[in-house]
Number of protein chains: 2
Amino acid sequence: MTPMKEDYIKIIFELGGTERKISNKEIALGLDVAAGSVTEMITKLVEEKLVIHEPYAGITLTQLGHQLAIELVRKHRLWETFLVDDLKYEVADVHSEAEVLEHQTSDKLADALYDFLGKPKFCPHGGVIPDENGDYPESSNIVLADIEDGQEITITRIIDNHDLLTYLHNLGVSANTKVIVLRHEPFEGPVIVKRLADETEISISFKAAHNIFVQ
Amino acid sequence: MTPMKEDYIKIIFELGGTERKISNKEIALGLDVAAGSVTEMITKLVEEKLVIHEPYAGITLTQLGHQLAIELVRKHRLWETFLVDDLKYEVADVHSEAEVLEHQTSDKLADALYDFLGKPKFCPHGGVIPDENGDYPESSNIVLADIEDGQEITITRIIDNHDLLTYLHNLGVSANTKVIVLRHEPFEGPVIVKRLADETEISISFKAAHNIFVQ
DNA sequence: AATTATTTTTAGGTAGTCCTAACTTAAATA
DNA sequence: TATTTAAGTTAGGACTACCTAAAAATAATT
């Protein structure tokens, strides 16, 4: 196993490769590599029984691939938690560090980190951290953009992207923030919400609202 | 810069490449690669102005290479300290984890770790940790094997090797242990010391005694 | 000094991951 | 249905770091 193979497995997982077929193009876009490179790597991952490939139709994870993806997500989120909780990183800055550390993290190290952090359930942007056995509760897949006006909701998770997290940080929005959805501006305009803590109205862009999960 | 290049720089440093010419063979042995691979890599490191190579004579670090080596040692030892102090690793088990983490550690991460750990001066086996600027006090180069009988000394540092550290751990010997040297058995026999804490006599092998630094 | 042994370098190959460009398949449109 | 467009696959090449084996340089021994 190499870091690059792990990256392929992880992106397939993140794109939903446990339930649907992921296209070559989605992977190429996600990893910023050429389509030909994807086909080549997928061939190797098929040999290793990590993915199933139906030529021209798409790629899904095997049970084994899914398990590996969970382990990687766990390691990634444990590092993010450590960086924020103990090393005082900004939430927006942890992703890239965790991205490289996750590939160099033995299972022993992950477990030790998990204990040290107090068996945390969520990473700093709200993602669920699988436990020692890879079990984790399903989290909400409902996105802020799809909430009807007037609903009171809690932000549970934000897609792990530096620019998005910085944008939301500046707006004072993060995981666990409670808001009421006031209205959706037309033509892919922003979603206007009111933060319950201080009654402030906040305008969240259409695109951002699709990358914020709520409950 | 790649992890392998960093490993070459580090081994040259550890073999004393700031003061003397290191041979191709020493590096090949230290990294467990073929001599031809060393020549090839050294050529690249010369292009990057990290080392100076006199063909057939040896290799030394440039100022730049020395600086890089210090940074790597610092990162390595910071991770070791974290693993022992916070993640409850055994001293003997930290080397291999630190060996891979050091290559994935940004300067920002190293500084954050350094602060988190309370700006430690020594790693768990007694190595000096350079500060934020790469400065560090010279540590003793006197080895236990060279101490005369009757001398009272403190163990300051043990070469970072898993088997050696395990061996010494089982003998109850670690950095900061104070002992009196009783005698040196002939024919490369063990050095017999008495631990001051509990007056126990301990026999330390000839080879181990050459890998223990004292003051 | 000549020979032998050791070390270093050079040369030619392999494996992993990337690329571009050409070709094939599938989907969309006319 | 025929054509065009998009997506996926194949082919050939590049780069890194490794290897082994042969050649060259240096050191050691006779």
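So that the names make sense, note that chain A is the first sequence line, chain B the second, and so on, each numbered from 1. FYI, side chains are in, hydrogens and waters are out, and symmetry mates aren't considered; it's all heavy atoms of this structure. All values reported here derive from a predicted model rather than from experimental measurement.
Aromatic ring orientation, B:F116 versus B:F82: perpendicular (interplanar angle above 60°, classes split at 30° and 60°). In this pair, A:H66 and A:F13 present their aromatic rings tilted. The plane angle is within the 30 to 60° band.
Under 4.0 angstrom from either OP1 or OP2 of C:dA15 there lies no side-chain N or O belonging to A:K44. A sub-4.0 Å separation between OP1 or OP2 of C:dC19 and a side-chain N or O of A:S37 is present.
Residue B:H169 places its NE2 atom among 12 or fewer non-hydrogen atoms of other residues, nucleotides or ligands, all under 6.0 Å distant.
Look at NZ on A:K21: it is 14 Å from C1' on C:dA26, rounded to the nearest Å. Between the CD atom of A:E6 and the C1' atom of C:dT17 there is a distance of 15 Å, given to the nearest Å. Here the C1' atom of nucleotide C:dT10 and the CG atom of B:N24 are 12 Å apart, to the nearest Å. Counting to the nearest Å, the P atom of C:dT7 and the NZ atom of B:K25 are 4 Å from each other. Atoms CG (A:L31) and C1' (C:dT17) sit 12 Å apart, rounded to a whole Å. Following rounding to the nearest Å, B:E40 (CD) and C:dT14 (C1') show an atom-to-atom distance of 12 Å. Regarding A:H103, its NE2 atom lies at a distance of 12 Å from the P atom of C:dT17, rounded to whole Å. As rounded to whole Å, 14 Å separates atom C1' of C:dT6 from atom CD of B:E26.
No hydrogens or angles considered: nothing links the side chains of B:H125 and B:H95 as a donor-acceptor pair under 3.5 Å.
Between B:T81 and B:L78 there is no side-chain heavy-atom pair separated by less than 4.5 Å. Contact of the A:I155 side chain with the A:F213 side chain is not registered, since no non-hydrogen atoms from C-beta on lie closer than 4.5 Å.
Heavy-atom distances under 4.0 Å link DNA chain D to B:Y56 of residues 48-62 of chain B, given in residue order.
At least one cation-pi condition fails for A:K207 and A:Y167: the charged atom is not both under 6.0 angstrom from the six-membered ring centre and inside a 45 degree cone around its axis. Annotation: cation-pi pair A:K121/A:Y136 absent, no NZ/CZ under 6.0 Å from the ring centroid and within 45° of its normal. A cation-pi geometry, defined here as NZ or CZ lying under 6.0 Å from the six-membered ring centre and within 45° of its normal, holds between A:R74 and A:Y114.
Think of the region where chain B sits on DNA chain D: with heavy atoms and a 4.0 Å cut, that region ends 5' and 3' at D:dT16 to D:dT26.
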